[in-house]
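Report on the following structure.
Since this is a predicted model, take the numbers as computed values, not measurements.
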Amino acid sequence: MAILAGGAMRVVDPKKKSATMADDCIGFLDLIWHGAHDGGIGANREICARVPLADDTPSGQFEFYFCSTRCLREFLSACVDRLEKKVRNASRKISRPRNRARILR
């Protein structure tokens, strides 16, 4: 099986890099696009998009199990496809004129 795992733990001893699970933590795993580094689109109009893979997981822990690396690859590809779709949609919204009357003048 293939596993995608993540989470958060509370540091117990930084020198030893030891940590423990903490009930007051929540975990997350996101795919994010932030367009600030692609030249942006106009002033303060960068495209931002997020695809949450894990949200508010108890004790900050989570795992995704897959029967094979092929299934893992298909899952991750589908997540990236979703992110790219959100980026395209956000780009369309920014590039649309806000008022059609202005175009007709």
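Separating the CG atom in Leu53 from the CG atom in Leu83 is a distance of 9.5 Å, to the nearest 0.5 Å. Between Leu31 atom CG and Lys86 atom NZ the span is 10.0 Å, to the nearest 0.5 Å. The distance from the OG atom of Ser68 to the CD atom of Glu74 is 7.5 Å, given to the nearest 0.5 Å. Between the OG atom in Ser18 and the CG atom in Asp13 there is a gap of 4.5 Å [rounded to 0.5 Å].
No continuous path of ILVMFWY side-chain contacts below 4.5 Å connects Tyr65 to Leu72, so the two sit in separate hydrophobic clusters. Following chains of ILVMFWY side-chain contacts shorter than 4.5 Å, one can reach Val80 starting from Leu76, so the two form part of one hydrophobic cluster.
Within the 4.5 Å cutoff, no side-chain heavy atoms of Arg10 are placed close to those of Met21. By the 4.5 Å heavy-atom criterion applied to side chains, Asp30 and Val51 are not counted as neighbours. Under the 4.5 Å side-chain criterion, counting only non-hydrogen atoms from C-beta, Glu63 is not in contact with Leu4.
Using bins of under 30°, 30° to 60° and over 60° for the plane-to-plane angle, the ring pair Phe64/Phe66 lands in the parallel bin.
Using a cut-off of 4.0 Å between Lys/Arg side-chain N and Asp/Glu carboxylate O, Asp55 and Arg50 are scored as salt-bridged.
A donor-acceptor contact shorter than 3.5 Å links the side chain of Ser77 to the backbone of Arg73. A donor-acceptor contact shorter than 3.5 Å links the side chain of Gln61 to the backbone of Ala8.
Within a 6.0 Å sphere centred on CG of Asp23, other residues, nucleotides and ligands contribute 12 heavy atoms or fewer.
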Hey, mind stepping through Leu29 and Phe62 against side-chain contact (heavy atoms from CB on, under 4.5 Å) and telling me if it holds?
CA-CA 9 Å; Leu29 178 64; Phe62 57 88; 3.4 Å; yes
